[in-house]
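Notes to accompany the following structure.
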2 protein chains.
Amino acid sequence: MTERTTRRKTSRFRGVAAEERQAQRRAMLIEAGADVFGEHGFHAATVREICKRAKLTERYFYESFANREALFAAVYEQLTQNLRDEMVAALLPAPRDVGAMARAGLTTLFASMRDDPRLMRILFVDVFTVSDEVDRLSRRTTGAFAQLLQTLVDSFYPADRRGGLDTNLIAHGLVGACMNLVMYWAYGGYKEPLESVVHNVAVLFEALGAYVGGAEAPAAPAGPGRRVTRRR
Amino acid sequence: MTERTTRRKTSRFRGVAAEERQAQRRAMLIEAGADVFGEHGFHAATVREICKRAKLTERYFYESFANREALFAAVYEQLTQNLRDEMVAALLPAPRDVGAMARAGLTTLFASMRDDPRLMRILFVDVFTVSDEVDRLSRRTTGAFAQLLQTLVDSFYPADRRGGLDTNLIAHGLVGACMNLVMYWAYGGYKEPLESVVHNVAVLFEALGAYVGGAEAPAAPAGPGRRVTRRR
DNA sequence: TATGTTTGACAATGACGTATGTCAATATTC
DNA sequence: GAATATTGACATACGTCATTGTCAAACATA
């Protein structure tokens, strides 16, 4: 016969509402997760360390996330979201030609990766090893980047001028080229200047355009089946 | 006061010498390791499961390897060694022009990756997350592939015709393109025909050549820094 | 001030994996 | 055939970590 414990509710605590406090804690955990995952990698990261970094106790971890993997997914989505936004912001004002757009997007990409050392490990390495579900998430995300790229390519080169190329495959190849270059660049301590890295990748983009259809690029002889003359 | 226990030695057991038996066990562990690492990934693999798969007990595991990480490194070296050998074997008899060599090497690469599902995960994914030491091993190995590629590129296009490109960066980009395409291809269940994947990557190679030097006939106006123009 | 709420520090539990150890069965050498 | 080596199956100790639980202090409300 009790059940009548008035159940008061504390609507605000230290000036902020319960909902907002919880959201803040979640955000702090994501930030701390990015730090720890980015520094030691997912598999060496412990819930305890993440909580310590976030200045929260384990209880609050499980308030927002079912487990370490769920936090990783949240971190990943947060970081890719940011990156996508930055790249779109860089792309929008760029002149609408292949070289300029490539350089704008790539500059943002490589600069971001260099300026936030956590990104590479989280976005390009660990994400494939966390779990099948996170792996699928990463494929979708990488695929979305490739899709964006493909759309751009397709808009520059109409279907009849693609020389039998599968722009989907090409896009995935280019994304992979960027990923590996980021890793190589980072591993070498970012020795090459940003412009140099960007330029070389941009040339990859431009070369493709030139080879296939040569819209605004150095014209190529567009003969049927006429590829690089095979020695003979 | 004993010490004189004749310390007999069993030179052969079931017909094979001790050294060879141990080498066989090591080989079985490497094979089993490739299976287990390739199927579930390094971090989900346990020493017990690997031993079970190798039909050996844990004791023999530690006879050959200090820990799981050491086994992974051995597996990695074994697999990359094989792959390198296959690719070299495919490259040697190929006509010495960019397109043909690219296609020969790439066909071997993509076919190998498709035919042995363990490779992708071990060579392109897990290797970066095992430990710092294994990570360095992977950089060296990937770097060696890139180096090989770069040497080829450099031999086709002499320095004065590279349009300010850093062939080292380009090579790493191309390696990354291959890696990501393998992953994309595998993830999609190898739907696209092998020839199609190879063709699209080969075009990436050729396009670069065409863009930089036009055709593959460098016919270099043999400037000062003359190179071996591999072409007859 | 009294009562219930929110928080932080930390303990308890349980699962899991590595690395080493035990012991009996089998093979080999003398 | 006796003594030792080798093997295979299994057990044990040890540590780490995820996850839940306890408790008291700080805070908010009436």
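Throughout, a chain's letter reflects where its sequence line sits, starting with A, and its residues are numbered from 1.
- Note: CZ (F72(B)) to P (dT18(C)) measures 15 Å, nearest angstrom.
- Between R12(A) and dT5(C), a side-chain N or O to OP1/OP2 separation shorter than 4.0 Å is absent.
- Between the P atom of dC17(D) and the CZ atom of F42(A) lies a distance of 13 Å, rounded to the nearest Å.
- If you take NZ of K55(B) and C1' of dA9(D), they are 15 Å apart, rounded to a whole angstrom.
- When heavy atoms are screened at a 4.0 angstrom cut-off, T46(A) is found touching the sugar-phosphate backbone but no base atom.
- Atoms OH (Y60(A)) and C1' (dC10(C)) sit 14 Å apart, rounded to a whole Å.
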Sub-3.5 Å pairs of nitrogen or oxygen atoms, protein against nucleotides 19-23 of chain C:
from, atom 1, to, atom 2, distance (Å)
dA19(C), OP2, Y62(B), OH, 2.7

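- R21(A) has its CZ atom 10 Å from the P atom of dG8(C), to the nearest Å.
- By the 6.0 Å and 45° rule, R121(B) does not stack over the aromatic ring of F37(B).
- Partners of D116(B) by salt bridge (Lys or Arg N to Asp or Glu O under 4.0 Å), not counting sequence neighbours, listed by chain and number: R118(B).
- In this structure, L71(A) places its CG atom 12 Å from P of dT19(D), rounding to the nearest Å.
- In terms of phosphate contacts, R25(A) brings a side-chain nitrogen or oxygen within less than 4.0 Å of OP1 or OP2 of dT7(C).
- Applying the side-chain hydrogen bond (donor to acceptor under 3.5 Å, both in side chains) test to E63(A) and every residue at least two apart in sequence or in another chain returns R25(A).
- Pairs engaging residues 101-110 of chain A under the side-chain hydrogen bond (donor to acceptor under 3.5 Å, both in side chains) rule: R103(A)-H199(A), R103(A)-E206(A) [sequence neighbours left out].
- What separates CD of E63(A) from P of dT20(D) is a distance of 13 Å, to the nearest Å.
- Listed by first then second residue, pairs satisfying salt bridge (Lys or Arg N to Asp or Glu O under 4.0 Å) with a partner in residues 180-203 of chain A number zero, not counting sequence neighbours.
- As rounded to whole Å, 10 Å separates atom P of dG17(C) from atom CD of E49(B).
- Within 6.0 Å of atom CD in E69(A), more than 12 heavy atoms from other residues, nucleotides or ligands are found, so the atom counts as buried in its surroundings.
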If you look only at distance, which donor and acceptor atoms sit under 3.5 Å apart when one is on a side chain in residues 175-182 of chain B and the other is two or more places apart or in another chain?
from, atom 1, to, atom 2, distance (Å)
N180(B), ND2, H172(A), O, 2.8

